[in-house]
Protein chains: 2
Amino acid sequence: MSTAQGARARARIEVTAAIKDEARRQLAAEGAAKLSLRAVARELGMVSSALYRYFPSRDDLLTALIIDAYDSLGEAAEAADAGVGDVAPAQRWVAVCEAVRGWALAHPHEYALIYGSPVPGYSAPEATVPAASRVGVLFIGIVRDAHRRNGVARTSVSAELEPEARRMAADLAPDLPPEVVAALVAAWAQLYGLVGFELFGQFNRVVEDREAFFRHAVTRLAEGVGLVVPQ
Amino acid sequence: MSTAQGARARARIEVTAAIKDEARRQLAAEGAAKLSLRAVARELGMVSSALYRYFPSRDDLLTALIIDAYDSLGEAAEAADAGVGDVAPAQRWVAVCEAVRGWALAHPHEYALIYGSPVPGYSAPEATVPAASRVGVLFIGIVRDAHRRNGVARTSVSAELEPEARRMAADLAPDLPPEVVAALVAAWAQLYGLVGFELFGQFNRVVEDREAFFRHAVTRLAEGVGLVVPQ
DNA sequence: GTCTATAACGAGATAGAC
DNA sequence: GTCTATCTCGTTATAGAC
């Protein structure tokens with residue numbers, strides 16, 4: 001009986017993976033707005049109603065793809081951080097940024113799914129939050145590490161932003177100075193501006209050596225959050 | 001005959017505008033990927049084949065909407081710059097950035113059309129380039145102005161980026177120092193990271209006072225391109 | 001209990017004859 | 001321009017196989 005259950009569970013995992021793989025293929029071909037349960041089922045030789053055993057609705061399939069994408073990106077970023085060795089926090093920062101860019105270039109459609117235009121009629125549920133937070137948590141960890149070791153370079157925050165910076169810090173990293181947390185959140189958003197512009201064609205005819213440009217830009221982002229770049 | 005031609009021309013302009021208005025409405029409701037000539041025609045009480053007298057294809061309608069969106073954004077940015085009065089370049093910079101954010105919040109679907117995920121199967125023609133460049137040209141003008149008056153604060157560029165920075169400067173603003181042009185292009189992309197994150201929901205549960213946060217972030221972007229912020 | 005298949009719904013797109 | 005016949009879609013109800 002335990003083997004029978006194991007086999008069932010295994011089959012279920014396999015079919016679920018096959019559905020998501022095919023859905024990802026269609027994502028690349030047609031975009032998230034046109035993702036069709038029927039087409040996925042047809043391509044897999046199943047009938048559309050059978051898919052509902054695995055995903056209760058089209059939106060649940062979308063949610064699963066979104067969580068997978070966030071996790072895949074988070075894993076790539078964490079692996080880059082772990083693999084860079086014992087270097088200065090600024091270098092860890094740059095390595096993680098480059099991993100984000102590399103993942104985005106390798107998975108453009110999944111990137112568009114999580115950081116591009118929202119899918120009309122779809123609203124991401126709470127369940128996506130943990131996966132979506134992984135890269136941000138990693139950045140916070142890097143800055144926290146720098147802060148513990150040497151402190152971070154002092155930056156300032158305008159009086160206007162001070163209460164909001166304090167609130168963000170209390171929420172995200174109570175052990176870090178509010179102005180650093182505010183700079184960190186801004187750098188986080190700005191990183192995705194750089195990646196998105198390259199990926200979505202805004203750099204065409206403008207930036208040619210994108211790798212060098214990106215490395216330079218994210219190095220300055222690191223300085224912006226107070227990390228000291230060794231030269 | 002000249003009045004008849006004038007009336008015809010006027011009617012053509014009106015119908016064209018009505019088609020684009022309805023298309024924009026559908027953009028908001030369904031997204032660019034599902035923009036359908038038929039639905040537009042139905043809503044206008046026309047038959048789909050009649051639309052082809054105004055737009056030879058769905059892609060041409062999309063192109064017209066994209067150019068309109070870029071122009072609307074560019075106009076808002078230019079108006080903000082003109083309306084801010086005779087202030088320091090850094091303040092002009094911030095005013096333009098805030099105009100970009102304001103326009104994006106007021107026209108989220110058009111923003112998604114031009115700066116969000118690419119529409120599957122659609123590739124923007126050359127004709128969109130001038131409209132798409134307006135905001136960038138405005139930023140270059142602001143930095144150029146600062147450079148002519150007082151010079152801009154000196155920044156550095158890594159050896160790795162130097163040739164690319166030189167190339168970009170030759171292309172975009174030969175009268176500006178290459179490292180300034182490189183910083184400008186990066187700030188330009190980063191601005192849209194900030195706007196996109198707010199618009200597409202990435203700041204939910206993270207940033208609350210978005211206006212203050214944005215003003216602070218783009219002020220630091222201005223510093224990054226060498227503009228001196230008066231306090 | 002777990003899955004798949006058949007059939008159907010209401011809504012919308014599409015193609016072509018007229 | 002109009003009408004119609006035929007597609008697609010997400011989703012559900014139902015019945016039967018393992």
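First the proteins, then the strands, lettered A, B, ... as listed; each starts at 1.
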Report yes if a donor N or O on one partner sits less than 3.5 Å from an acceptor N or O on the other, where the partners are the side chain of A:Ser49 and the base of C:dT6; otherwise report no.
yes
Angle class for the A:Phe213/A:Phe203 ring planes (parallel below 30°, perpendicular above 60°, tilted otherwise)?
perpendicular
So which nucleotide from C:dT2, C:dT4, C:dA13 ends up closest to the side chain of A:Arg53?
C:dT4
Atom-pair distance (CD on A:Glu43; P on D:dT8), nearest Å:
13 Å
Spell out yes or no: do the side chain of A:Arg38 and the base of D:dG10 have one donor N/O and one acceptor N/O closer than 3.5 Å?
yes
By nearest atom, which of the nucleotides C:dC3, D:dT2, D:dA13 is closest to the B:Val47 side chain?
D:dT2
Whole-Å distance separating the CD1 atom of A:Ile19 from the C1' atom of C:dT4
12 Å
Whole-Å distance, A:Leu35 CG to D:dT8 P, equals 17 Å
Respond yes when some side-chain nitrogen or oxygen of A:Tyr52 is under 4.0 Å from OP1 or OP2 of C:dT2, and no when none is.
no
Rounded to whole Å, how long is the line connecting atom CG of A:Asp60 with atom P of D:dG10?
13 Å
A:Tyr70 ring center near A:Tyr115 ring center (under 6.0 Å):
yes
Just the rounded figure in Å: distance from C1' of C:dA5 to OH of A:Tyr54.
13 Å
With a 4.0 Å limit, can you tell me whether A:Arg42 has a side-chain N or O closer than that to the phosphate oxygens OP1/OP2 of D:dC9?
yes
Atom CG of A:Leu44 and atom C1' of C:dA5: how far apart are they, to the nearest Å?
16 Å
Between C:dA5, D:dT11, D:dC9, which nucleotide has the shortest distance from any of its atoms to the side chain of A:Ala50?
C:dA5
Report the relative orientation of the aromatic rings in B:Trp188 and A:Phe197; use parallel for angles under 30°, tilted for 30 to 60°, perpendicular for over 60°.
perpendicular
What is the distance, rounded to the nearest whole Å, between atom CG of A:Asp59 and atom C1' of D:dG10?
10 Å
Output yes when at least one side-chain N/O atom of A:Ser36 is less than 4.0 Å from OP1 or OP2 of D:dG10, else no.
yes
Closer to the 5' end of DNA chain C via nearest nucleotide, is it A:Leu51 or A:Ser48?
A:Leu51
Side-chain contact test, heavy atoms from C-beta onward, threshold under 4.5 Å: evaluate it for A:Phe214 versus A:Leu191 and give yes or no.
yes
When we call it a touch if two heavy atoms are under 4.0 Å apart, what does A:Ala11 touch: a base, just sugar-phosphate, or nothing?
nothing
For C:dC3, take OP1 and OP2 only and decide whether either is under 4.0 Å from a side-chain N or O of A:Arg12.
yes
Whole-Å distance separating the CG atom of A:Leu61 from the C1' atom of D:dC9:
15 Å
Has the side chain of B:Ser48 got a donor or acceptor atom that lies under 3.5 Å from a matching backbone atom of B:Ala41?
no
